[in-house]
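As structure tokens, the structure follows; a few thoughts come after it.
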Amino acid sequence: MPPRKIIIDTDPGQDDAVAILLALASPEEIEVLGITCVAGNVPLDLTSRNARIVCELAGKPDVKVFAGCDRPLGRDLVTAEHVHGKTGLDGPDLPDPSMPLQDGHAVDYIIDTLRAEPAGSVTLCPLGPLTNIATAFEKAPDIVAKVQEIVLMGGGYFEGGNITPTAEFNIYVDPQAADIVFRSGVPLVVMPLDVTHKALVTKPRNDAFRALNTPAGIAVAQMTDFFERFDKEKYGSNGAPLHDPCVTAYLINPDLFTGRHINVEIEVTSELTMGMTVADWWRVTDRAPNAMFMGGIDADGFFALLTERLARL
Ligand code: BDR
Ligand code: CA
């Protein structure tokens with residue numbers, strides 16, 4: 001099978017960085033057409049800088065990186081420096097990027113690429129707020145039917161939220177955009193907190209990254225060292241959850257994940273539960289399924305894959 005063509009839409013973020021590294025290390029399964037950046041964990045100037053730092057860390061300075069939307073559709077930007085640090089990529093000491101940002105807006109790149117490629121041949125992989133994707137769908141409705149699939153990190157149901165009691169960060173930052181994407185009719189695969197909170201970087205797993213003794217392996221270990229303090233304090237967990245790499249791991253080996261094809265809708269009205277992914281896990285409504293909503297992960301298999309692929313960089 002030829003590799004799957006993807007656009008990674010991202011707000012790096014240490015876990016976004018690992019997701020990008022995994023994709024770039026897996027050319028047999030994944031062809032990264034481009035990386036589009038969005039404001040989220042940190043403002044856009046930093047996410048578009050961090051994405052290029054990560055491409056250079058992977059030894060892939062030719063990847064096309066675009067800057068996109070600098071704020072959500074209808075709300076002020078909420079950021080997460082309390083998790084990711086001031087730069088968004090705190091932890092390792094990585095050089096400023098020398099590769100350029102591409103000319104043009106990320107939204108136009110998404111539109112142009114979907115129009116240029118055969119229908120059903122491009123998968124979108126959002127790892128941050130869904131502002132760029134929703135803006136592209138609103139600006140160019142003809143592209144919606146051309147998307148093969150959207151595989152995204154966002155939401156949570158049994159696990160609740162991580163930025164409010166009911167909302168996960170990526171969906172909370174731009175619920176309006178998430179609502180557009182979840183109603184778009186494009187087949188969705190969703191990696192919610194229910195999955196990603198089981199993908200924990202325990203000490204032995206982080207030692208395995210460090211033991212690769214490569215720039216990428218060491219940087220990932222240092223990112224995790226930084227990132228884990230937040231989750232350890234908050235949840236008393238064994239290590240940091242690697243949220244976003246679940247998306248790129250799914251593209252390589254979907255059998256690592258289990259879930260249900262169900263209806264998922266986004267709360268866009270109530271201030272109390274704004275951005276909640278209302279998942280009909282028990283199928284108690286007759287609302288049509290629109291998403292493969294994951295709930296389980298083979299965490300050992302996931303970390304084995306990640307370590308094996310990072311070793312290639
Ligand atoms: C999501 O929010 C961000 O902080 C992470 O990068 C991930 O995409 C987890 O809620
Ligand atoms: Ca992210």
Side-chain angles (χ1 to χ4, degrees), residues 7-23 35-44 46-51 53-54 65 68-69 72 77-91 106 124-133 150-175 177-178 181 189-201 220 223-224 226-231 233-235 237 239-250 266 274-277 293-294 297:
I7 296 173
I8 300 178
D9 189 68
T10 179
D11 62 338
Q14 293 90 348
D15 62 319
D16 303 70
V18 181
I20 294 168
L21 292 172
L22 177 58
I35 296 180
T36 53
C37 301
V38 68
N41 285 324
V42 285
L44 182 67
L46 288 172
T47 61
S48 50
R49 172 180 175 274
N50 293 345
I53 290 176
V54 174
V65 178
C69 299
L77 177 65
V78 175
T79 53
E81 286 87 355
H82 59 293
V83 183
H84 300 275
K86 199 162 44 68
T87 67
L89 213 52
D90 280 18
L124 302 178
C125 297
L127 310 177
L130 289 157
T131 321
N132 284 342
I133 310 293
I150 295 176
V151 184
L152 68 90
M153 191 280 138
Y157 187 64
F158 294 102
E159 191 69 5
N162 62 355
I163 184 83
T164 75
T166 54
E168 179 279 330
F169 179 79
N170 289 342
I171 306 294
Y172 180 77
V173 172
D174 200 341
V181 170
V189 176
V190 179
M191 296 293 170
L193 297 176
D194 308 293
V195 169
T196 67
H197 278 179
K198 295 172 188 151
L200 296 179
V201 192
V220 167
M223 285 181 208
T224 309
F226 179 84
F227 188 49
E228 72 172 9
R229 88 215 176 286
F230 175 77
D231 289 87
E233 274 166 34
K234 183 169 172 192
Y235 300 106
S237 56
L242 278 188
H243 305 283
D244 295 338
C246 291
V247 167
T248 41
Y250 174 83
I266 309 296
M274 181 67 77
M276 180 178 180
T277 43
F293 195 80
M294 296 303 185
I297 178 173

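We're numbering straight along the sequence, starting at 1. Indexing begins at 1, ligand by ligand and atom by atom, following the structure's order.
- In this structure, the protein non-hydrogen atom closest to atom 8 (O) of ligand 1 is Asp244 OD1, 2.7 Å.
- Annotation: side chain of Ile171 is in contact with side chain of Ile266 (closest heavy-atom distance under 4.5 Å).
- Ring orientation note: the planes of Phe293 and Tyr157 are nearly perpendicular, at an angle over 60° on the 30°/60° scale.
- Contact of the Ile8 side chain with the Ile20 side chain is registered, since non-hydrogen atoms from C-beta on lie closer than 4.5 Å.
- No N or O atom of Asp11 sits closer than 3.5 Å to an N or O atom of ligand 1.
- Close approach of ligand 1 to Asp15 is summarised as follows: ligand atoms under 4.0 Å from at least one heavy atom of the residue are 5 (C), 6 (O), 7 (C), 8 (O).
- Pairing each heavy atom of Val78 with each of Tyr172, the nearest pair is CG2-CE2, 4.2 Å.
- When side chains are defined from C-beta on, Met153 counts as touching Asn170, because their heavy atoms get closer than 4.5 Å.
- Nearest heavy-atom pair, Val42 versus Lys86, reported as atom, atom and distance to 0.1 Å: CG1-O, 3.9 Å.
- Judged by distance alone, the side chains of Thr47 and Asp11 never bring a donor and an acceptor atom under 3.5 Å apart.
- Contacts between Gln14 and ligand 1, counted as non-hydrogen atom pairs separated by less than 4.0 Å, are absent for every part of the residue.
- Residue Glu168 approaches ligand 1 through these ligand atoms, each under 4.0 Å from one of its heavy atoms: 1 (C), 2 (O), 9 (C), 10 (O).
- At a 4.0 Å cut-off, not a single heavy atom of Val83 sits close enough to ligand 1 to count as contact.
- Between Thr277 and Pro192 there is no side-chain heavy-atom pair separated by less than 4.5 Å.
- Side-chain contact check for Thr224 versus Gln14: every heavy-atom pair is 4.5 Å or farther apart.
- Within the sub-3.0 Å shell of the Ca ion (ligand 2), the protein contributes these N/O/S atoms: Asp11 OD1, Asp16 OD1, Asp16 OD2, Leu127 O, Asp244 OD2.
- Considering each of Leu127, Thr79, Asn41, the one bringing a non-hydrogen atom nearest atom 4 (O) of ligand 1 is Asn41.
- Those atoms of ligand 1 with a heavy atom of Asn162 less than 4.0 angstrom away are 9 (C), 10 (O).
- Among all heavy-atom pairs drawn from Asp15 and Pro245, the shortest one is O-CD, 3.4 Å.
- For Asp16, every heavy-atom contact with ligand 1 shorter than 4.0 Å involves the side chain, none the backbone.
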